[in-house]
Amino acid sequence: MRNFLTAFVLLLVVVGSVLVYGSAFIVHQTEIALVLEFGNPKRVINASRDKNEAGLHWKTPFIQNAVLLDKRLLNVEIAAADDEDQVVTADQKRLIVDAFTRYRITDPLMYYQATRNNKMKARSLLEAKIRSNMKDILASATFIEIVRDKREALMHEIATRTNDQANEEKYGVEVVDVRIVRADLPKKNREAVFKRMKSERKREASEARAKGQEAAQRIRATAERQATVIRAEARQRAEILRGEGDADRNRIYAAAFGKDPDFFAFYRSMQAYEEGLKSNQTRMVISPTTEFFRYFNNPDGKITPAQRSPRNQQ
């Protein structure tokens with residue numbers, strides 16, 4: 001009897017555990033729970049942003065099941081290869097465009113019916129819409145508008161159109177944002193543009209160097225002309241000053257000779273000694289009794305009969 005009771009209690013515990021395990025489920029703050037009964041929706045838990053219904057919840061075991069959906073913002077990346085998904089702009093430029101999209105689930109039942117809670121299917125549906133809208137909208141804009149001038153407005157237009165199409169086709173999602181990550185030329189076009197830019201820069205550099213050399217030659221010629229004029233004027237001024245100095249010197253010499261002829265003769269003889277007796281390689285063969293050395297033989301500088309030359313004695 002005791003064994004029967006023990007087995008019955010264990011059976012009740014196992015059945016209770018199974019029932020509790022099949023009835024309870026936990027909904028996190030980042031999740032939305034969709035409770036289905038034989039595939040038909042019965043209730044939605046934690047879908048409202050204002051009301052927090054996260055926590056432990058119950059369902060009818062074996063009859064109902066809970067589908068958990070992500071409540072956070074989800075990303076879809078759109079990457080294009082060099083030879084695929086090229087966008088032709090209004091100015092006939094081919095672009096490789098990479099983008100990403102952020103979306104959230106707004107209608108859990110509609111999202112479940114469209115995707116069966118398959119994230120890959122949801123991403124493929126949104127990616128197809130975004131690629132199509134991106135090609136259509138960017139085709140009406142120029143390369144400069146896509147890259148710089150109207151980039152923000154174009155991204156907003158792509159997001160708006162994709163969101164409208166998602167609502168029309170009942171995807172149950174809201175496209176929050178679409179961002180163009182890269183808008184670049186294909187590889188072959190990039191190489192051609194790079195070569196063209198390189199040749200243009202070389203041409204500009206050559207023109208700049210030629211203009212610089214021309215300016216340098218012009219400045220150099222002007223400087224040389226000014227230097228020639230300055231040197232000529234300086235030489236002219238030097239000759240004038242030299243002539244004036246010689247005139248002043250001769251006038252002073254003449255005045256000194258008129259005042260004291262003996263002193264003037266002595267001074268001139270001293271200058272002649274200074275110039276003639278310098279320590280250089282020049283040698284003079286001359287008699288000490290000549291008139292040149294008269295101040296060596298006589299302090300008064302008078303010429304003795306021995307110093308007179310035969311011509312003077314005559």
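Fair warning: this is a prediction, and the values are worked out from it, not measured in the lab.
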What's in the same ILVMFWY side-chain cluster as Ile45, cut-off under 4.5 Å, chained through other members? Phe25, Val27, Val35, Leu68
In short, Ile78 meets Thr101 closest at the heavy-atom pair CD1-OG1, 3.9 Å
Does atom CZ of Arg249 have more than 12 heavy-atom neighbours from other groups under 6.0 Å away? yes
Has Ser199 got a side-chain atom pairing as donor or acceptor with Arg196's backbone, closer than 3.5 angstrom? yes
To the nearest 0.5 Å, how far apart are OG1 in Thr60 and CG in Asn65? 11.0 Å
In short, salt bridge (charged side-chain N to carboxylate O under 4.0 Å, His left out) pairs touching residues 59-75 with sequence neighbours left out are Asp70-Arg72, Asp70-Lys119
Only one of Arg148, Lys93, Arg94 forms a side-chain contact (heavy atoms from CB on, under 4.5 Å) with Phe143, so which one is it? Lys93
Checking the side chain of Asn163 only, and the main-chain atoms of Ala159 only, is there a donor and an acceptor separated by less than 3.5 Å? no
Pairs under 3.5 angstrom only: tabulate donor-acceptor contacts from the side chains of residues 150-157 to other protein residues two or more places apart or in another chain.
residue : atom : partner : partner atom : Å
Arg151  : NH2  : Ile180  : O            : 2.8
Glu152  : OE1  : Arg179  : NH1          : 3.0
Glu152  : OE2  : Arg179  : NH1          : 3.3
Glu152  : OE2  : Arg179  : NH2          : 3.1

Residues in side-chain hydrogen bond (donor to acceptor under 3.5 Å, both in side chains) with Glu31, at least two apart? His28
On a heavy-atom basis, the closest approach of Trp58 and Ala24 is CZ3-CB, 3.5 Å
Between side-chain atoms of residues 215-229 and protein atoms elsewhere (two or more places apart, or another chain), which donor-acceptor pairs fall under 3.5 Å?
residue : atom : partner : partner atom : Å
Thr222  : OG1  : Arg218  : O            : 2.9
Thr228  : OG1  : Glu224  : O            : 2.8

Test question: given the 4.5 Å side-chain rule for I, L, V, M, F, W and Y, name all other residues clustered with Phe100, or answer none. Val181
Side-chain touch Val44/Leu109, heavy atoms, less than 4.5 angstrom: no
With heavy-atom distances below 4.5 Å as the criterion, would you say the side chains of Ile96 and Gln86 are in contact? yes
Side chains of Ile146 and Thr89: does their closest heavy-atom pair fall under 4.5 Å? yes
So does Arg235 pair up with Glu239, basic N to acidic O under 4.0 Å? no
Closest non-hydrogen contact found for Ile32 with Pro108 is CG2-CG, 3.6 Å
Looking at Glu204, I'd like to know if its CD atom is crowded, meaning that more than 12 non-hydrogen atoms belonging to other residues, nucleotides or ligands lie closer than 6.0 Å. yes
Residues in side-chain hydrogen bond (donor to acceptor under 3.5 Å, both in side chains) contact with Gln165, at least two apart in sequence or another chain: Asn133
Which ILVMFWY residues are connected to Val176, directly or by a chain of links, through side-chain heavy atoms under 4.5 Å apart? Leu73
Please check if Val76 and Met110 belong to a single hydrophobic cluster, counting links between Ile, Leu, Val, Met, Phe, Trp and Tyr side chain heavy atoms closer than 4.5 Å. no
For Asp164, check side-chain contact (heavy atoms from CB on, under 4.5 Å) against everything at least two apart and list the hits. Thr160
Examine Ile63 and Val67 and state if one hydrophobic cluster contains both, with Ile, Leu, Val, Met, Phe, Trp and Tyr joined whenever side-chain heavy atoms are less than 4.5 Å apart. no
Applying side-chain hydrogen bond (donor to acceptor under 3.5 Å, both in side chains) to Thr115 and not counting sequence neighbours gives none
Would you please name every residue forming a side-chain contact (heavy atoms from CB on, under 4.5 Å) with Ile252, sequence neighbours left out? none
Kindly compute the distance separating CD (Gln236) from CG (Leu241), expressed to the nearest 0.5 Å. 10.5 Å
Once side-chain contact (heavy atoms from CB on, under 4.5 Å) is applied, do any residues pair with Arg116, and if so which ones, sequence neighbours excluded? Tyr112
